[in-house]
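A short write-up of the structure that comes next.
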Amino acid sequence: MNILIINSGSSSIKYQLLEMPTAQVICAGMIERIGSTESISTFKSQEYKIEKIYEITNHKEGLERITALLLDSEKGVIESTEDIDAIGHRVVHGGSAFTETTLIDNEVKNKIKMFSPLAPLHNPANLVGIEMAEKLFKSAKQIAVFDTAFHGTVPEKAKKYAIPTELYNEKGIQAYGFHGTSHKYVSEKATEYLGNNYAKLISIHLGNGCSITAIKNGVSIDHSMGFAPSNGLIMGTRSGDIDHSIIFYMVNTLGYSLDEVNEILNKKSGMLGLTGFNDLRDIESEASKGNTNCVLALKMNAYRIKKYIGAYTAAMNGLDAIIFTAGIGENSSLMRQLVCKEMDYFNLHLDNAKNELRSSTIREINTKDSEVKILVIPTNEELEIAKQVFNLLN
Ligand code: ADP
């Protein structure tokens, strides 16, 4: 089966065409900066690598460009849109309605729309991707894979906030958790590698968005992102955990509007707010030159992760392995080192030499005598989505 994966974000569309069940990647690409006069389109197949700059005003045009590339008579990879059997759409917020991968119909689309206020940066873009794909690939099955789905197993004691109970019962206010596709993928890889005896895992996804999940016996039992993808760890531009009274203070005493506070907390905070940079490579480089803001931001970031590791170890009454994944988790040996420093109480010991090695496959970077395993596992959300789509249809 040819399965096209579409990850339609607020200003970008990432895509990948996979042949399943072989998991062979036929092509992959991305359109970035949708809405600007200089949108960047990248496309890579086994034979060609194409990068072009166009003016792409909206997602509709973006998907039309992608379809044209796939169908291109010289460099394309399919002859007709009918060559695509199914399209797997990453949908960020499935609320409490979706805990499984789901075939899309009008009712599903309405629900995704209903959850848009819970993920205003993501769900509307996901929906546009679905509606365009339905028009362009009429014969393909359209399937939604929800970021929140993997966390459907989290018990009430962990997902319910201590606010009036009708807000949970009637208004759906609870912690949903995100990056589920990635946490599921890497935790399953860890189990394949370590075996079922290693039943208490902590998965640490550190990309532009960052989240941490406690996984016991293969299921998510707690996670750091809450009602929206903004709680928990310090991220590229998002604050993660803050005391909510700061919001009231900023509005009532300092005179910010609610929109301004929202913008600050989601787009101007995190590592960007602390240092002026949101890419960890820049922050590490500045820190090495002695930039004290950057040195402190790195320490704060690692400290927050450590606190969650402690909390989740307590929640699971033990810890067998931690997993680092995504852009920062897979590539930053410094962040891994800061997180794993002084964790003797947990019997978690990093092997510094192994930590510096690079590899595109799973690797174990703990010392031989460390009771807790430390794994670096490259995430592959597209493959996980393709697997789920394939399983649903077969
Ligand atoms: P997204 O959440 O957009 O999928 P990624 O998982 O691709 O993000 O992670 C992007 C982040 O990974 C970048 O912002 C950058 O901070 C970080 N990163 C990538 N490579 C490195 C590296 N070699 N060293 C440190 N950080 C890195």
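First listed ligand is number 1; within each ligand, the first listed atom is number 1.
Checking only distances, G327 does come within under 3.5 Å of ligand 1, N or O to N or O. Below 3.5 Å of separation, one finds an N or O of N208 facing an N or O of ligand 1. Of the N or O atoms in L280, one or more lie within a sub-3.5 Å distance of an N or O in ligand 1.
Shown in contact with S332 at under 4.0 Å from a heavy atom are these atoms of ligand 1, numbered in order with element: 25 (C).
When only non-hydrogen protein atoms are considered, atom 17 (C) of ligand 1 lies nearest to I328 CG1, 3.4 Å. Ranking protein heavy atoms by distance to atom 24 (N) of ligand 1, first place goes to R281 CG, 3.5 Å. The closest protein non-hydrogen atom to atom 22 (C) of ligand 1 is N331 CB, 3.3 Å. Nearest protein heavy-atom neighbour of atom 15 (C) of ligand 1: D279 OD1, 3.4 Å.
Between E364 and K373 a salt bridge is recorded (basic side-chain N to carboxylate O distance below 4.0 Å). By the 4.0 Å N-to-carboxylate-O rule, E284 lies too far from R281 to be salt-bridged with it. Taking 4.0 Å as the cut-off between side-chain N and carboxylate O, D147 and R90 count as a salt-bridged pair. Ion pairing between E384 and K184 holds under the 4.0 Å rule for side-chain N and carboxylate O. Contact check on E134 versus K138 returns no salt bridge, with no Lys/Arg side-chain nitrogen under 4.0 Å from an Asp/Glu carboxylate oxygen.
Less than 6.0 angstrom separates the ring centroid of F178 from the ring centroid of H93.
For the pair K14 and ligand 1, a heavy-atom separation below 4.0 Å is found. Contact analysis puts G209 in contact with ligand 1, with a non-hydrogen atom separation below 4.0 angstrom.
Between I247 and L265 the shortest side-chain heavy-atom distance falls below 4.5 Å.
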